[in-house]
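Count residues from 1 along the sequence. Just so we're clear, the structure is a prediction, and the values are computed from it rather than from any experiment.
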Amino acid sequence: MLRFAVVGIDHGHTFDHVKGLLASGGEFVGYCPQTSVPALREAFEKTYPGAPQIDREKLFDDPSIDVICISAIPRDRAGLAIRAMRSGKDVMTDKPGVTTFAQLEDVRRTVAETGKIFSICFSERHCVRSAVKAGKLVAEGAIGKVIQTLGVGPHRLQLPTRPDWFFDPEAFGGIIVDIASHQVDQFLFYTGSTTGEVIASSIGNFGMPDKPAFQDFGEVLLRSDKAAGYVRVDWFTPEALPTWGDGRLTILGTEGYIELRKYIDIAGRPGKDHLFLVNGKEMTHIDCSGEKLDYFDAFTADVGNRTQTAMTQDHVFEVCRLSLEAQAKAARIGAR
């Protein structure tokens, strides 16, 4: 049985990690209560009242723990992951796993030296049932050869809940590194690309002049030897939308296309995980709410078998590299 612990509960995705590993048969050993968001710790205590709170150094030093899950402040995740891997543990971290090129190189070196797994749980693919179904349809050839992905990741700002570091690009890595890494991951995955290049990127601050360093808009144009991709991310979800963001993905193939309305079908069908498939044979809506999430089972198997079935290590590093490059070369638009 895989035994795991949590270090860093500064983002709500930590709940996805615990829920997913428990569903895969893992044992939740405990968590470090240190956080910059006390409300998250309170929610954690209520959700998992039987899980002990343990000092993080004791968790790192416990040889019986197989995996450390990390959802700390983004700038701290790489350091914690390296500490965990040097302690003989595999890592599942929230995105972004790194916020600088130096961190990426340090993580690469540590993985090479320790043989440990550094996995980023890209929740907008790994924890979204319609995204899992889309992957299967693409693999089956339902839309032919994929030639482009168009991914949008709008988010609601929810100002009262945000800690100070949320507005500091050095802490969160910038909007492309922080959010668009999801869409970069999806571009590589659905197009079957092992590498890519950043053709153009932009960042901007259109709605928060009182926070001039903040970035509430980002876009990226990607290309590989197989396909093209466009990404838009933002913090402009209107208050009337009954969820945090109308995340969508369109996958264009030579014989059709797939559109995902991941979290809501506005003015349409209730619930989430809506998939629309159009090809030469059918035009249909697929309710993906019952689709199994494969990532956590595959990750658990990888820990035991030392394999890379959930996601290759090269894929993780390439998503990080492209996100960092797009952030670094982004033109600044909007308010300054």
Side-chain angles (χ1 to χ4, degrees), residues 12-13 15-25 47 94-95 121-156 179-180 182-192 227 229-234 237-301 309-311:
H13 286 156
F15 290 95
D16 292 327
H17 301 172
V18 175
K19 182 180 179 181
L21 288 176
L22 285 173
S24 295
T47 305
D94 190 11
K95 60 79 209 164
C121 180
F122 293 108
S123 58
E124 292 195 25
R125 177 164 68 90
H126 294 142
C127 301
V128 172
R129 299 177 194 279
S130 56
V132 174
K133 179 64 174 179
K136 294 177 180 178
L137 289 170
V138 167
E140 293 167 2
I143 57 171
K145 178 184 177 182
V146 175
I147 57 177
Q148 196 229 19
T149 61
L150 193 163
V152 295
H155 286 62
R156 176 171 287 134
I179 301 179
H182 282 304
Q183 284 73 31
V184 174
D185 161 69
Q186 290 166 66
F187 163 72
L188 292 175
F189 174 73
Y190 291 111
T191 64
Y230 175 77
V231 175
R232 190 207 81 216
V233 291
D234 65 75
T237 293
E239 289 302 317
L241 195 78
T243 187
W244 56 268
D246 186 8
R248 298 192 186 193
L249 174 70
T250 299
I251 307 169
L252 176 64
T254 55
E255 299 175 20
Y257 66 91
I258 292 169
E259 181 182 349
L260 307 185
R261 299 183 185 182
K262 298 180 179 180
Y263 312 113
I264 188 171
D265 180 12
I266 56 172
R269 299 167 180 81
K272 55 184 182 178
D273 283 307
H274 301 279
L275 186 150
F276 299 88
L277 170 65
V278 183
N279 59 22
K281 299 179 180 179
E282 59 184 330
M283 180 178 70
T284 186
H285 165 265
I286 301 174
D287 176 0
C288 303
S289 58
E291 193 72 24
K292 180 175 173 54
L293 300 176
D294 301 324
Y295 168 74
F296 296 98
D297 284 351
F299 175 84
T300 298
T309 62
M311 187 169 44

Using every non-hydrogen atom in the two residues, find where Val231 and Ala180 come nearest and quote the distance to one decimal. CG1-CB, 3.8 Å

Residues that Phe15 engages under ring pair (Phe, Tyr, Trp, His ring centres under 6.0 Å), provided they are two or more places apart: Phe44

Heavy-atom side-chain proximity of Ile264 to Pro242 below 4.5 angstrom: yes

Hey, what do you get for NZ (Lys262) to CG (Asp246), rounding to the nearest 0.5 Å? 11.0 Å

Quick test of your reading of the model: are Lys95 and Asp185 salt-bridged, counting only N-O distances below 4.0 Å? no

Which residues pass the side chain to side chain donor-acceptor pair (under 3.5 Å) test with His155, not counting sequence neighbours? none

Side chains of Arg232 and Gln183: closer than 4.5 Å at any heavy-atom pair? no

Donor-acceptor pairs are to be reported for all side-chain atoms of residues 250-260 against protein atoms at under 3.5 Å, with residues two or more places apart or in another chain.
{"unit_1": "Thr254", "atom_1": "OG1", "unit_2": "Lys145", "atom_2": "N", "d": "3.0"}
{"unit_1": "Glu259", "atom_1": "OE2", "unit_2": "Arg248", "atom_2": "NH1", "d": "3.3"}
{"unit_1": "Glu259", "atom_1": "OE2", "unit_2": "Arg261", "atom_2": "NE", "d": "3.0"}

The test is side-chain contact (heavy atoms from CB on, under 4.5 Å); show your working for Cys121 and His13 and say whether it passes. CA-CA 9 Å; Cys121 180; His13 286 156; over 6 Å; no

Main-chain N/O of Leu241 paired to Arg156 side chain as donor or acceptor, under 3.5 Å: yes

Please state whether the rings of His285 and His274 are parallel, tilted or perpendicular, taking 30° and 60° as the class boundaries. tilted

Could you state the interatomic distance from CG (Asp16) to SG (Cys127), rounded to the nearest 0.5 Å? 4.5 Å

Output, in order, the C-alpha distance, side-chain angles, deciding distance and verdict of side-chain contact (heavy atoms from CB on, under 4.5 Å) for Ile143 and Leu137. CA-CA 8 Å; Ile143 57 171; Leu137 289 170; over 6 Å; no

Residue set satisfying ring pair (Phe, Tyr, Trp, His ring centres under 6.0 Å) with Tyr263, at least two apart, ordered chain then number -> Trp244

Walk me through whether Leu21 and Phe299 qualify under side-chain contact (heavy atoms from CB on, under 4.5 Å). CA-CA 9 Å; Leu21 288 176; Phe299 175 84; 4.0 Å; yes

Which pairs, with at least one residue in residues 126-138 and sequence neighbours excluded, count as a side-chain hydrogen bond (donor to acceptor under 3.5 Å, both in side chains)? Ser130-Asp273, Lys136-Glu291

Is the shortest side-chain heavy-atom distance between Asp297 and Lys292 below 4.5 Å? yes

To the nearest 0.5 angstrom, please state how far the CZ atom of Phe122 sits from the CG atom of Asp94. 9.5 Å

Apply the test side-chain contact (heavy atoms from CB on, under 4.5 Å) to residues Tyr190 and Arg125: give CA-CA distance (whole Å), side-chain angles for both, the deciding distance (0.1 Å), then the verdict. CA-CA 10 Å; Tyr190 291 111; Arg125 177 164 68 90; 4.2 Å; yes

Contact summary for Ala142 and Asn279, nearest pair of heavy atoms: O-ND2, 3.0 Å

Does any non-hydrogen side-chain atom of Leu249 lie less than 4.5 Å from one of Gln186? yes

Minimum side-chain heavy-atom gap Thr47-Val18 below 4.5 Å: no

Pairing residues for Thr237 by the side chain to side chain donor-acceptor pair (under 3.5 Å) criterion, not counting sequence neighbours: none

